[in-house]
Every structure is written in structure tokens, then in C-alpha cells.
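Below is one structure; the comments refer to it alone.
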Amino acid sequence: MVAGLSHIAPPEDLVRLVGVVNGLAVLDLPAEVVDAAITHPDRKVRWQLAELQRGMSIDQWARLIADEPAGAYRRRLQALAVWHCPRVTKDGFERWARDPDPRIRLRALWFRGLPERLAVALAADSDPQVRAEACRCAWPHLDAWVSTGLRQASGCQGCDRLLSRTR
């Protein structure tokens, strides 16, 4: 239904519909509607978009996840992105991991396919939020000496949680 209306209804009406229609396969929303829903203040609208809209770009997924505070809801969006987002290229991961802005470096950790080498490098990042997020991805690739050193050197909460599980 929404897909059929997507070319005749005003974008603001379509964004409201995304938030109230439950279980509807929203397949073909115009880009301006998707962009408006990504920044919509109602979490239900953003969640419905993530669940139902197919064909969102990597950039749209990154903005949707980035605008959400860290926590369980962000992790749920990341889990949806694993299934619905296009694959990030190795060059894309490299570009994000080398970016001077820690908010951009975090993007590399949100999508499947992050090369092991980059996960390990980001686990030693200067930004504590990047380090904490990277520990989850890099942990299986770190030896005990390195992981203990990261914990002692950085006070990384992610490393603390992972170390407490391995004792």
C-alpha cells in the first residue's frame, strides 16, 4: 500500500505512515522519505524503516545507526544492518578506519566484513568509544598478552567485560 502511494503522497505523510503501519512491506519509498525517516524524532518510525525498507544505502544505514545513542537499541539496528545493508567494500572499511573523526571510525565496526587487521588496529584506537566497540570485533584475534595490555593501558570497558568472561 505505501509503495503504491510513494509517488503521489507528500513525503511527510509517508513518514507518518511508516511509523503507524505495522508489518507492512515498505519496498519503494523515495529517497527523501527514507532520509526524513532516518532523522525522525520517533524511534518507532526509525525502527519500522530499518525493519521494512529494502534498498537503503550503506550511508543511510550508517546515519540511522550513528544517530542512535550507544546501547541495546543501537545494537538491534546493527543486527538488522547485518542482514539488510549492502556489503561494505574493503576500501570503504579502510577509509572509515583511517578517518580522523572517531564517529566515522565507529562506522567500520557496525557492518559485517570488517577485515581482521582493521578490527585489531581499532581495538588500540585513541578514542575510548571506538576502542570499546572494537574490542567486540577484535577480541578473538588478540592474544592474551595484547588483550590484557589493552585493558591495563586504556581502561577499556569493552575489554574489561570480555576479560571477565574469560577468567
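Just so you know, these numbers come straight off a predicted model, no measurement behind them.
- Although no hydrogens or angles enter the test, the distance criterion places no donor-acceptor pair under 3.5 Å between the side chain of Arg54 and the main chain of His84.
- Taking Arg43 as the reference, Glu68 meet the side-chain hydrogen bond (donor to acceptor under 3.5 Å, both in side chains) condition, with sequence neighbours excluded.
- Closest heavy-atom contact between Pro86 and Ser57: CD-C, 4.5 Å.
- When all heavy atoms of Thr39 and Asp67 are compared, the pair lying nearest together is CG2-OD2, 4.1 Å.
- Checking side-chain atoms of Arg131 against main-chain N and O of Ser126 turns up a donor-acceptor pair under 3.5 Å.
- Across all non-hydrogen atoms, the minimal contact from Ala123 to Ala134 is N-CB, 3.4 Å.
- Contact record, Cys85 with Phe111: SG-CE2, 3.5 Å, taken as the closest heavy-atom pair.
- For the pair Arg63 and Asp59, the salt-bridge criterion is met [side-chain N within less than 4.0 Å of a carboxylate O].
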Going by atom type alone, with no hydrogens or angles, which donor-acceptor pairs under 3.5 Å involve a side-chain atom of residues 93-104 and a protein atom two or more places apart or on another chain?
{"from": "Glu94", "atom 1": "OE1", "to": "Arg98", "atom 2": "NH1", "distance (Å)": "3.2"}
{"from": "Glu94", "atom 1": "OE2", "to": "Arg117", "atom 2": "NH1", "distance (Å)": "3.4"}
{"from": "Glu94", "atom 1": "OE2", "to": "Arg117", "atom 2": "NH2", "distance (Å)": "2.0"}
{"from": "Asp99", "atom 1": "OD1", "to": "Asp101", "atom 2": "N", "distance (Å)": "2.8"}
{"from": "Asp101", "atom 1": "OD1", "to": "Arg103", "atom 2": "N", "distance (Å)": "2.9"}
{"from": "Asp101", "atom 1": "OD1", "to": "Arg103", "atom 2": "NE", "distance (Å)": "3.2"}
{"from": "Asp101", "atom 1": "OD2", "to": "Arg103", "atom 2": "NE", "distance (Å)": "3.3"}
{"from": "Asp101", "atom 1": "OD2", "to": "Arg103", "atom 2": "NH2", "distance (Å)": "2.8"}

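- Considering only residues two or more places apart in sequence or on other chains, Ala50 meets the side chain to side chain contact (heavy atoms under 4.5 Å, CB included) condition with Trp61, Leu64, Leu77, Leu80.
- Atoms CG and CG, on Leu106 and Asp125 in that order, are 8.0 Å from each other to the nearest 0.5 Å.
- In plain terms, the two heavy atoms of Ala108 and Leu122 that are nearest each other are CB-CD1, 4.1 Å.
- In this structure, Glu133 CD and Arg74 CZ are separated by 7.0 Å, a value rounded to the nearest 0.5 Å.
- Residues Leu109 and Gln78 approach most closely at O-NE2, 4.4 Å, considering heavy atoms.
- Looking only at side-chain heavy atoms (C-beta outward), Leu49 and Met56 come within less than 4.5 Å of each other.
- Between Asp127 and Arg105 there is no salt bridge, since no side-chain N of the basic residue sits under 4.0 Å from a carboxylate O of the acidic one.
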